[in-house]
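The block underneath contains the structure these notes are about, expressed in structure tokens.
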Protein chains: 2
Amino acid sequence: MEDVAELAGVSAMTVSRVLNAPEKVRPETRARVLAAVRELDYRPNSAARVLVTGRSGVLGVVCFDTTLYGPASTLFGIEQAARDSDYLVSIASLPALNRSWITRGIDRLRSQSVDGVIVVAPHESAAEGLRHLPPGLPVVDVGGGTDLPVPVAAVDQYAGAARATRHLLSLGHRTVWHLSGPPNWIDASGRVAGWRSALEAEGREVPEPLVGDWTAHSGYEIGKRLAREPDVTAIFVANDHMAMGVLRALRETGRRVPEDVSVVGFDDVPEAAYFWPPLTTVRQNFGEVGRQAFQLLLDRIAGVEGEARRMVEPELVVRESTGISP
Amino acid sequence: MEDVAELAGVSAMTVSRVLNAPEKVRPETRARVLAAVRELDYRPNSAARVLVTGRSGVLGVVCFDTTLYGPASTLFGIEQAARDSDYLVSIASLPALNRSWITRGIDRLRSQSVDGVIVVAPHESAAEGLRHLPPGLPVVDVGGGTDLPVPVAAVDQYAGAARATRHLLSLGHRTVWHLSGPPNWIDASGRVAGWRSALEAEGREVPEPLVGDWTAHSGYEIGKRLAREPDVTAIFVANDHMAMGVLRALRETGRRVPEDVSVVGFDDVPEAAYFWPPLTTVRQNFGEVGRQAFQLLLDRIAGVEGEARRMVEPELVVRESTGISP
DNA sequence: CCAGCTCATGGTATCGCTAACAGGTCCTCG
DNA sequence: CGAGGACCTGTTAGCGATACCATGAGCTGG
């Protein structure tokens, strides 16, 4: 920086100003400094800047498994929003979802002086970790439950599940069975609740939900059980991958979709339209959730308290896996 | 730090040593210092440390689309390896794959003083960007082509494609058609080359490869064309998602898999075993690639030149989408 | 014509840490 | 018994930027 200053015939302080508050420097001086910057290919040292300002321009994301479609898409959305605002994203993935690891993840990021942290861990245990936060660190949660001590951006799982369920009922099905995600996952319980309420609202019988682990494999195994029940004519599955397993199980058992059984998924993964049959599902706009989370974090960093919860509405996408009740 | 030193009755320098070279401090002193550290919940300021040492403990990953299965898995592998070595990962995703954006991505990371960069952009344009690197910055590429000026970790696409093709030939098919990924993607051209060489090695006719864009949609559209050709009895598809589209197109056209047509994919996404029929495919161990890339980078950071290319062998997974020639 | 203001720039201290060297103890060994 | 070395610990000097205050030039208006 000293070199740049010398080449431009100014002091280091002026160089600093050109880079941080250009309007406070006379245009001609500014031009000379910028020319010197280019000439020497000068780049400010962020470490030094962080040391004195306390802000790094880096935000941290704590996440569990970034190979799952949802978290990966959310991360992507966050990263894009961050890029547009000249923020960089550091990630801390967790070997397991529990309070201790979440706390460690946040600490790991904090030790690198991130300006704030977004937690993408839609699991009950996250709430634990979020209850004891280092003071002064802005934190935002994605997909978390209610009454968290931090702002939350999330897809309205409840509404999406209710919508899917009502769609099936409107096709004449007596009731709707549910294959849920693992217990303690916020998304999973939100979908169970939405499904249940939609059934109850119409006075339908509420079957005991079955529990999978998000994988196509579990969908297949549980699907085989469901396929044997002649009562079952409509299934709301908590995500598309499990729905894929269910579809295969139904087919192997000789039950046709949608003629004998209707199936709805959740997520709308890009391949859902090419399942056999193309899957009716609930689309989550993960990218939007990521952007909203980033915006919330930006507000918190700026000291704005603002609203604490941003809900993104999911959308029912009707394809060919649902049809009128047999 | 000063406070810790005072509480422990030592100088700041000794505190620093306890944290960075514990063996150089007498055990009892060390214990006193550590006690003081805990007592005050002291955490070293990484910015100050970076400023003086020049090393940050952060590595950067430049990547294109982290919602794709391959890149996401690779990123995950890198992150896990990094975590085990107490490194943090910052990501810079690119809005488009070309030289300029790659350069900008690397610059963005460099400006945050990362210790090194891993580029996950298996596209020809990446090579351009890697040819003009800031001197002194350790860089490793994932999945890149040959003769790059940096070390590369990659799955052996050529071998995997050849294996898939030979599998189909061994089932009695006269030749094998290929639905490739987009041109200029390194993976895509590696698979084309492996497929072609396997056919030529046995003196088979080499059909003109068809070109998709990795999506199930493109697989479906092109699959419809292939399905109309009675000659086509074996198709090697460049990834699982396109293979899914092909499977659907074949089914809609009334061609049975594997009785009439055999299909092989590439990737082995977790759902591949639940396609209809379960997909024979080539498994890529992305996690291992990520680990290898991280290791290469660690070597480069340490100044070790070492080997420049680490190949991970893919594995053919035979399921039910392939059968003997009709 | 000068007080008083604005505007652009510079000087200095400081952020929190570690490299490099200096100094002090205590032991070893000829 | 004293020189020399091993082993700890402390002192000093930055790393590269910005915050804060000071300074001086040029303008305005009574």
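In what follows, every chain begins at residue 1, and chains take the letters A, B, ... in the order their sequences are listed. Because the structure is a prediction, the values reported are computed rather than measured.
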Between N or O atoms, less than 3.5 Å apart, protein on one side and nucleotides 23-26 of chain D on the other: list the pairs.
none

Nucleotide [N], atom [atom2] - distance to [atom1] of [X] in whole Å:
{"X": "A/R49", "N": "D/dC15", "atom1": "CZ", "atom2": "C1'", "answer": "16 Å"}
{"X": "A/L51", "N": "D/dG14", "atom1": "CG", "atom2": "P", "answer": "17 Å"}
{"X": "B/E6", "N": "D/dG10", "atom1": "CD", "atom2": "C1'", "answer": "15 Å"}

> What residues, two or more places apart in sequence or in another chain, satisfy side chain to side chain contact (heavy atoms under 4.5 Å, CB included) together with B/R83?
Replying inline: A/S93, A/P95, A/R108, B/E79, B/Q80
[X] side-chain N/O to [Y] backbone N/O, donor-acceptor pair under 3.5 Å:
{"X": "B/S85", "Y": "B/A82", "value": "no"}
{"X": "A/D156", "Y": "A/E313", "value": "no"}
{"X": "A/T67", "Y": "B/S73", "value": "no"}
{"X": "A/S46", "Y": "B/S111", "value": "yes"}

> Looking at CZ of B/R99 and CD of B/E128, how far apart are the two atoms once the value is rounded to the nearest 0.5 Å?
Replying inline: 6.5 Å
> At what distance, to the nearest 0.5 angstrom, does CD1 of A/I118 lie from CD1 of A/I78?
Replying inline: 4.0 Å
> For B/V52 and B/A12, take the nucleotide of DNA chain D holding the closest heavy atom to each; which residue's nucleotide lies nearer the 5' end?
Replying inline: B/A12
>> Taking side-chain hydrogen bond (donor to acceptor under 3.5 Å, both in side chains) as the definition, give me every residue that meets it alongside A/N45, ordered by chain and number, with sequence neighbours left out.
In response: none
> A/P149 versus A/R131: any side-chain heavy-atom pair under 4.5 Å?
Replying inline: yes
> Once you build an axis from the first five pairs and another from the last five of the helix from C/dC1-D/dG30 to C/dG30-D/dC1, how far apart in angle are they, to 10 degrees?
Replying inline: 40°
> Of the non-hydrogen atoms in A/S125 and A/N98, which two are nearest, and what is the gap between them?
Replying inline: OG-CA, 3.5 Å
> Which residue pairs pass the salt bridge (charged side-chain N to carboxylate O under 4.0 Å, His left out) test with at least one member in residues 34-44 of chain A, sequence neighbours excluded?
Replying inline: A/D41-A/R43, A/R43-B/D107
> What pairs of residues pass the salt bridge (charged side-chain N to carboxylate O under 4.0 Å, His left out) test when at least one of them lies in residues 1-15 of chain A, not counting sequence neighbours?
Replying inline: none
> Which residues in residues 16-32 of chain B have at least one heavy atom lying under 4.0 Å from any atom of DNA chain D?
Replying inline: B/R17, B/V25, B/R26, B/T29
> Which residues within residues 38-47 of chain B lie with some heavy atom under 4.0 Å of an atom in DNA chain D?
Replying inline: none
> Taking only residues two or more places apart in sequence, or in another chain, which ones meet B/Y87 in a ring pair (Phe, Tyr, Trp, His ring centres under 6.0 Å)?
Replying inline: B/F294
>> With ring-ring contact (aromatic ring centres under 6.0 Å, His included) as the rule and sequence neighbours excluded, what pairs involving residues 44-75 of chain A come up?
In response: A/Y69-A/F286
>> Quick test of your reading: applying ring-ring contact (aromatic ring centres under 6.0 Å, His included), list the pairs with at least one residue in residues 7-34 of chain A, sequence neighbours left out, ordered by first then second residue.
In response: none
> Which part of the nucleic acid, if any, lies within reach of A/V10 when heavy atoms closer than 4.0 Å are counted: base, sugar-phosphate only, or nothing?
Replying inline: sugar-phosphate
> What are the 5'-most and 3'-most nucleotides of DNA chain C lying under 4.0 Å from any heavy atom of chain B?
Replying inline: C/dG16 to C/dA20
